[in-house]
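Worksheet: the structure to be examined is printed underneath.
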Amino acid sequence: MADTTDILADLTPEQIEAVTHVDGPLLVLAGAGSGKTRTITRRVAYLASVGIAPFNILAVTFTNKAAGEMRQRIGELLTFLSSRQRAGVTVATFHSLCARLLREFASFAGLDSNFSIMDSSDQTKTAKLALERSSISAELLPPARLLSAISKSKNRLQLAEQFAAHNTDFSSRNIARAFAAYEQIMKENNTVDFDDLLLRMAMLLRDNADVRAQLQDRFQYILIDEYQDTNHAQFIICHMLALKHHNICATGDPDQSIYGWRGANLGNILDFEQHFPNAKVVRLEQNYRSTKTILKAASALIVNNIQRKNKSLWTDNEQGDRIKIIYAADEREEARHVARQLREMFDQHKMRWDEMAVLYRINSLSRVLEDSLMEAAIPYQIVRGTEFYARKEIKDALAYLRLLNNPSDRVSFERIINVPARGIGPGSMDHIISYSQETGINLVQACAQAHQIEGLTKKAASAAKVFAHHLETCRSEFPHLLGRSAAPAGAAIWHETPASDSLGETDWPVPDFANDVHEDRLFAAHSRGASDDAAVAGNISADEHGGSAGTDTEGPPEVDASIPPNKSLRGMAALLDRMLRIFKLIDHDKRDAEEVERVNNLLEFINVAAEFTTQNPTGTLSEYLEQVTLVSDVDKLKDERGSVTLMTLHAAKGLEFPLVIMIGLEEGTLPMSRSFSKANHDDADMEEERRLAFVGMTRAKKRLILTGALSRMTRGFTESRTHSRFVCELPKDCIEMFDAFRQVRPAGSPGYRDNVQYHPKRPRGLPMENTSASATPPSSTGKFRRGMLVRHPLFGVGRVEDYFENGDNSRAVIDFRKVGRKTLVVAFARLELLDGGS
DNA sequence: TGTTCCGTGTTTTTT
DNA sequence: ACACGGAACA
């Protein structure tokens with residue numbers, strides 16, 4: 001037994017209680033800034049110090065970045081172990097853990113171990129194709145709605161069949177059909193989506209007793225972070241894994257649950273003690289992060305939520321400054337105030353740029369901000385996941401890698417078969433795909449056999465052969481990067497599983513843990529389903545492809561093998577580099593600015609790959625693709641010295657900054673309201689919005705600034721705004737109000753910084769009574785306001801739902817009793833005012 | 001087959 | 001205001 005002095009150093013009694021609780025379920029209700037991460041890492045170290053094998057410890061975090069940091073911190077604590085033993089601790093996100101395990105147990109899950117993981121744009125494409133195949137117009141069922149329905153269903157562990165069984169109305173029947181087609185396409189492509197990772201793992205654990213037993217014994221001590229954001233599938237995974245040893249430690253904070261919209265179930269954490277009987281509960285309520293003022297304000301905000309466990313955060317930290325609240329006339333001015341505040345912190349308070357963050361509800365708010373930060377010469381970085389990987393050239397390069405890894409990946413195939421242009425148009429492409437489907441060989445093999453495909457022009461056929469041959473060249477040069485199963489280019493075909501395939505078949509009741517189902521009964525139920533599945537799984541692992549070379553040997557097409565591999569690159573970077581050269585994705589001849597930008601991006605991509613190889617010397621292509629696909633926004637947040645961080649409130653979870661500025665504190669933006677028609681926006685939705693604001697505020701250590709604009713341009717329309725109700729919920733003695741709105745500036749004057757003085761208004765400054773929807777917002781210059789009753793000569797009586805002030809082009813959205821909602825240009829519509837609608 | 005232009009929808013939040 | 005997809009044109 002190792003010395004635990006270090007491990008328990010500087011911990012509070014409550015934290016020690018959590019850290020030293022070894023066996024049995026444990027719930028740590030950790031308030032914002034209460035040292036949760038620290039408690040978890042120490043706990044892992046403690047477990048190891050009392051002799052638990054690192055190999056038996058599993059820690060699940062919310063983001064890859066959090067996982068990386070935790071791995072690092074645990075490593076630093078486990079000095080009493082060898083580095084090899086240290087590496088034994090599994091630290092992963094749910095998604096990456098599931099991906100890894102599903103590859104390991106692929107045959108039992110009815111998968112090929114080199115399956116691809118679709119990103120969201122792939123999902124949209126697949127959804128569209130599924131709708132097409134089911135002859136459902138995208139108008140009747142928008143792809144986004146289909147995807148959201150599929151996602152919700154999968155979170156409940158229901159596939160197309162169960163969905164159809166549970167939903168019989170007209171719209172749902174369409175969804176069910178498209179859902180089935182979507183699943184079929186994914187099967188053909190040997191692909192899974194994000195939800196599948198969780199769903200398939202949950203089902204595998206549920207239905208396969210052998211796999212379950214094996215994993216239960218591997219992960220004897222489980223720690224789940226951010227438990228308030230787990231969904232049903234994740235709950236099942238936790239539950240199944242912990243069923244035998246009961247050693248599950250969940251940490252989280254119900255007040256920070258902000259992912260309800262994507263299926264997170266707050267009940268998981270609220271009912272933890274019912275789900276895991278005899279659970280010990282530890283509350284961490286001392287906050288080490290924020291000033292008294294910030295904490296008091298955040299607490300005052302969150303108590304307005306009805307559905308919550310009462311909890312009182314306290315801190316020994318200093319009182320700190322009041323929270324600045326600044327409302328500007330419009331979003332441009334708001335952005336300039338933000339820049340000004342940041343500059344002031346840097347110049348006068350000697351704060352570093354990387355100690356400051358600007359948070360917003362929706363990504364689109366960052367645009368104006370960027371302009372003003374650039375103008376003010378303030379360095380910034382935007383944490384936006386899609387930015388790098390959504391670029392065309394990166395997506396293309398990625399698609400090449402995906403296809404190399406998984407030659408059945410149709411989405412990738414379609415993306416790049418003619419990029420760069422090689423004379424294979426949509427028509428030729430369809431022929432190749434059909435041929436592949438008819439003969440059951442994969443897409444790359446089909447290309448290799450292009451001369452046998454009817455309807456292909458000679459030119460297209462030989463281009464296809466060259467394409468396949470190039471892929472084969474890459475494969476043969478990097479055998480060690482392509483896992484065993486990907487070996488012969490294209491041996492990987494989705495094996496049609498027998499009809500008795502358990503996925504989606506077993507009608508296994510979702511366990512009602514709240515009723516405290518006896519564990520043995522649960523267990524027995526699973527075992528039954530599992531044995532069937534195990535039998536099936538055994539069959540489908542047989543490989544029908546002998547693994548003979550997929551490429552055509554007769555008359556290998558002219559291959560441009562003159563490009564030598566870049567010898568200085570290793571591993572993934574070398575493969576990527578070779579690939580880019582062979583397929584001419586880097587065109588050095590073009591010299592225009594855009595091309596330079598693209599080449600730079602691709603070189604950056606090679607750097608990413610090189611970094612992967614450095615960290616995973618034996619990493620395979622499939623592992624690499626997985627990492628790239630599963631990265632989230634925050635994962636790419638670099639510790640860039642000297643730049644202000646811009647990100648969404650969601651992305652800010654778990655982070656902290658000395659200065660936080662939250663922008664867009666307006667009704668409709670924060671809290672966000674989806675549409676005019678959604679009347680009962682109260683309740684659950686509103687409470688989640690409030691939690692989001694709470695998360696944002698509690699990111700701040702020293703200073704907090706809240707801003708808003710009283711008119712904002714959205715989609716080309718100027719909309720007038722009112723103060724956020726959340727601002728009104730803050731105690732008056734915690735805030736100071738700055739009303740920049742009334743400052744008059746000469747239009748276009750260059751030095752607004754010199755002209756504009758802030759005038760702290762009376763601390764009562766917040767116009768409490770002026771913020772409800774019925775009050776006249778100071779910026780509402782038009783004569784129409786929400787709620788007014790009007791009469792139109794043609795449409796009759798209606799109520800104003802919204803009003804966009806835009807000069808002669810001002811529009812009103814009016815809900816007419818007889819003809820429904822219409823948007824009218826006020827200047828032309830002869831509207832008669834009936835009353836003020838107060 | 002490839003490129004350009006126009007019209008339309010689009011903005012919540014993400015693994 | 002912007003990006004994407006379809007249609008028309010080269």
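Order of the sequence lines fixes the chain letters, A, B, ..., with proteins taken first and strands second; residue numbering starts at 1 for each chain.
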Describe the nucleic acid contact of T124(A) in one word from base, sugar-phosphate, nothing, applying a heavy-atom distance below 4.0 Å.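 Nothing, no heavy atom under 4.0 Å.
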For D195(A), answer base if it contacts any base atom (sugar-phosphate contacts may also be present), sugar-phosphate if it contacts only those atoms, and nothing otherwise; contact means non-hydrogen atoms under 4.0 Å.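 Nothing, no heavy atom under 4.0 Å.
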Between E687(A) and R690(A) (salt bridge meaning N to carboxylate O under 4.0 Å), is one present in this structure?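 Salt bridge absent between E687(A) and R690(A).
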For the pair K154(A) and E183(A), find out whether any cationic side-chain nitrogen is under 4.0 Å from an anionic carboxylate oxygen.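 So K154(A) pairs with E183(A) through a salt bridge.
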Can you tell me how far [atom2] of [N] sits from [atom1] of [X], to the nearest Å?
{"X": "I424(A)", "N": "dT1(B)", "atom1": "CD1", "atom2": "C1'", "answer": "12 Å"}
{"X": "H650(A)", "N": "dT14(B)", "atom1": "NE2", "atom2": "C1'", "answer": "8 Å"}
{"X": "L131(A)", "N": "dG5(C)", "atom1": "CG", "atom2": "C1'", "answer": "16 Å"}
{"X": "R422(A)", "N": "dT1(B)", "atom1": "CZ", "atom2": "P", "answer": "14 Å"}
{"X": "E666(A)", "N": "dT11(B)", "atom1": "CD", "atom2": "P", "answer": "20 Å"}
{"X": "N363(A)", "N": "dT10(B)", "atom1": "CG", "atom2": "C1'", "answer": "14 Å"}
{"X": "D229(A)", "N": "dT14(B)", "atom1": "CG", "atom2": "C1'", "answer": "11 Å"}
{"X": "M647(A)", "N": "dT14(B)", "atom1": "CE", "atom2": "P", "answer": "11 Å"}

List in chain and number order the residues that pass side chain to side chain donor-acceptor pair (under 3.5 Å) with N304(A), two or more places apart in sequence or in another chain; answer none if no residue qualifies.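 For N304(A), the residues satisfying side chain to side chain donor-acceptor pair (under 3.5 Å) (neighbours in sequence not counted) are E729(A).
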Restricting to ring pair (Phe, Tyr, Trp, His ring centres under 6.0 Å), what partner residues turn up for F94(A), sequence neighbours left out?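 Applying ring pair (Phe, Tyr, Trp, His ring centres under 6.0 Å) to F94(A) gives none.
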Indicate the ring-plane relationship of F163(A) and F179(A), choosing parallel, tilted or perpendicular according to the 30° and 60° boundaries.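 F163(A) vs F179(A) ring planes: perpendicular.
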Can you tell me how far C1' in dG6(C) sits from the matching atom in dT11(B), rounded to whole Å?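 Comparing C1' positions in dG6(C) and dT11(B) gives a spacing of 23 Å.
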What integer number of Å spans the P atoms of dT13(B) and dC4(C)?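 My reading of the P atoms in dT13(B) and dC4(C) gives 15 Å.
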Choose from dT14(B), dT15(B), dT1(B) the nucleotide whose nearest atom is closest to any side-chain atom of W261(A).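 So the nucleotide nearest the side chain must be dT14(B).
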Let's see if you can work this out: which of dG2(B), dG5(C), dT11(B) has an atom nearest to the side-chain heavy atoms of K128(A)?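 Minimum distance to the K128(A) side chain belongs to dG5(C).
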Residue pairs fulfilling salt bridge (Lys or Arg N to Asp or Glu O under 4.0 Å) with at least one residue in residues 141-151 of chain A, sequence neighbours excluded: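 Those involving residues 141-151 of chain A do not exist here.
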Filter on salt bridge (Lys or Arg N to Asp or Glu O under 4.0 Å), then keep only pairs touching residues 223-238 of chain A, sequence neighbours left out; what's left?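 Salt bridge (Lys or Arg N to Asp or Glu O under 4.0 Å) check on residues 223-238 of chain A returns K36(A)-D225(A), K36(A)-E226(A), E226(A)-K653(A), D229(A)-K653(A).
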Is the distance from OP1 or OP2 of dT12(B) to the nearest side-chain N or O of T648(A) less than 4.0 Å?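 No, outside the criterion.
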Planes under 30° and centres closer than 5.5 Å, is that true for Y259(A) with the base of dT14(B)?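 The ring of Y259(A) is not stacked on dT14(B).
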Just do the salt bridge (charged side-chain N to carboxylate O under 4.0 Å, His left out) check on E626(A) and R100(A) with the steps written out, would you? CA-CA 9 Å; E626(A) 184 175 306; R100(A) 210 177 301 164; 5.0 Å; no
Does a donor on one side chain sit under 3.5 Å from an acceptor on the other, for D195(A) and S151(A)?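 Distance-only check passes for D195(A) and S151(A).
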Is it true that the side chains of E334(A) and T707(A) contain a donor and an acceptor less than 3.5 Å apart?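 Judged by distance alone, the side chains do pair up.
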Please list every stem that involves DNA chain B, where a stem is a run of 3 or more consecutive Watson-Crick or G-U wobble pairs with both pairing distances under 3.5 Å.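 The stems that DNA chain B takes part in, listed by first number, are B:1-10 with C:1-10.
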Using heavy atoms to find the nearest nucleotide of DNA chain B for A460(A) and Q123(A) separately, return the residue whose nucleotide is more 5′.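 Closer to the 5' end of DNA chain B: A460(A).
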Quick one, which residues of residues 93-102 of chain A touch DNA chain B with a heavy atom under 4.0 Å?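 Contacting residues: H95(A).
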